[in-house]
Colleague: 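The structure is given below, and queries will be raised subsequently.
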Amino acid sequence: MPSGSGDERPRGAAHGSGAGQGGPASRGTAGARSRATGRAGDRTGGRENRSPWPWRLAAAAAGVALCGGLMLVLPVPDGVRSGPGGTGAGPAAGAAGLREPVYFIVIEEEPGEWPDERTGLVPRAPGDWTTLPGGQAHTRTRPS
Amino acid sequence: MTARGRRGPAAPAPRAGVGELLWVNFRAMDTDIEVLMEAPPARRQEAARLLAWTRRWFALLERRLSRFRPDSDVARVNRQAGGGPVRVTGLTAAVLARALALAEWSGGLFDPAGLAALEAAGYDRPLAELRRRGAGFQGDEPGAAPRPFFGNYRAVALDRRARTVALPPGTGLDLGGIAKGWAADVAARVLGTLGPALVNAGGDLAAGPGPRAAGGLWRVALDGLPGRVLGVARCGVATSGVDRRRWFRDGKEWHHLLDPRTGRPAAGGFRRVTAIAPDAVQAEVAAKAVLILGPREAPAWLRQRPGVVALAVPEGGDADDLVLLTGGRDHGLPAALGLHLPGAHGPRAAGGGAGPRP
């Protein structure tokens, strides 16, 4: 039986009935043998059979990060919503968070570095936002 | 790339802990792209780099996906229709895979393989060129018969592993319907690694978490509906309308939103539809579908697709006639959706209350 470095280490409690008694003193016991025969190291050239749970937890965390966040309901400051997707009436300006001052800094890029340069940037003064429908919206949606 | 402050005279200095709202716009994909991002002042350089990347990103996608560029993947695939598989880039394969999945999700109301019908309808060149020819373009020409293309997408053979696409003869791809939304979704996710970001690609928005300075919501005005503002976060918003991208054919005005079932311009009964969905590309497809279906069929379609909300203006209606359609109760709705509709009557359910309400 090949003896990889992992063979010498005691096992944690998640590894069956022999677990908890693992350690140098328990080497060669029936429990240890049963564990060894089931190990992937014998089948995969000595690589340790890692627990799938870290991967499962990582996948679950990624799933929550990518998809679960969509379910998060953020509070609306003025409290006009009764729940997700709820509706309410209120002033367009201020209802959606205009309690904090909003200002804009226009980023300008150096022209010429882009292939197929056709149109340059159009810097917009901060005050222009007030001319948008609905007051000081950040942007607007329109048919494309 | 340089970042220059253009603070208005009345704009106060930023408070500690509140990020600056950075903004950039440019033109790509035959439309205006607008990118907003809230970033801490200390990370302005990083934000500027990301904003610059956004422009390269859209330029790259345009080179790959435009059907009007002879060297694009889509144009090459269309030229080879009926001639076997064509190798495309991974990017194009990814967009096409999403398009095919959404075609299925929409029940065939969105179909990326409807190019032949679009060209038969007269949209065979960039819109600017179409308009340059004047309103009389094709006005007296007989034109081709409308070509229904319902279910065409099922004939598209995409091999993602080999990165090849094969089309049957007589079909063609047009990814213009979702390319902007897809690009915006990816860009918003990348920008979101630094802070709250919103990408608006010609009216199709991908919104990450809203800026702290605005209470955690991006405020989105609705074009043509003065006084109505959406507060959104972590979702997509898109608007479709039959009053844009129009041209003349057979003496009649046509628009680009064709009903796959008839091959004719959609005439479901809505003039404009704004859809809010978990991401921009899904919102794009939903807006088109609701527009095609109209007030009679759209509620049932939405009921089977929770997580989508639509605001629709009926044909011939005005801003006060805004109709709210929702798909289910509250399952899978976008993260934050504050509808601020200060109209006199507020939103109404479709069909005078017969439609589903949240």
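The model shown is predicted, which means the values in this text are computed figures rather than measured ones. The chains referred to below are lettered A, B, ... by the order of the sequence lines, with proteins before strands, and numbering in each begins at 1.
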Colleague: Using side chain to side chain contact (heavy atoms under 4.5 Å, CB included) as the criterion, list what pairs up with B/Ala206, not counting sequence neighbours.
Modeller: B/Ala184, B/Asp185, B/Ala188, B/Ala280

Colleague: Could you tell me which portion of B/Ser240 (side chain, backbone, both or neither) has an atom closer than 4.5 angstrom to a non-hydrogen atom of chain A?
Modeller: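 Answer is backbone: N, CA, C or O of B/Ser240 sit under 4.5 Å from chain A.
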
Colleague: Report which part of B/Ala238 has an atom under 4.5 Å of a heavy atom belonging to chain A: side chain, backbone, both, or neither.
Modeller: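 Contact with chain A involves the backbone of B/Ala238 alone.
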
Colleague: Looking only at heavy atoms, what is the nearest atom pair of B/Gly241 and A/Pro143, with distance?
Modeller: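 What the structure gives for the nearest pair is N-CB, 3.6 Å.
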
Colleague: Identify the residue among B/Leu198, B/Val220, B/Leu21 that makes a side chain to side chain contact (heavy atoms under 4.5 Å, CB included) with A/His138.
Modeller: B/Leu21

Colleague: Assess the side chains of B/Thr239 and A/Thr141: does a donor N or O sit below 3.5 Å from an acceptor N or O?
Modeller: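 There is such a pair (donor and acceptor under 3.5 Å, judged by atom type) between the side chains of B/Thr239 and A/Thr141.
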
Colleague: Between B/Asn200 (side chain only) and A/Arg140 (backbone N and O only), is there a donor and an acceptor less than 3.5 Å apart?
Modeller: yes

Colleague: For B/Ala266, enumerate each residue passing the side chain to side chain contact (heavy atoms under 4.5 Å, CB included) test, keeping only those at least two apart in sequence or located in another chain.
Modeller: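 Residues passing side chain to side chain contact (heavy atoms under 4.5 Å, CB included) with B/Ala266: B/His255, B/Ile292.
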
Colleague: Do you know the tightest heavy-atom contact between B/Asp223 and A/Arg142?
Modeller: CB-CB, 3.5 Å

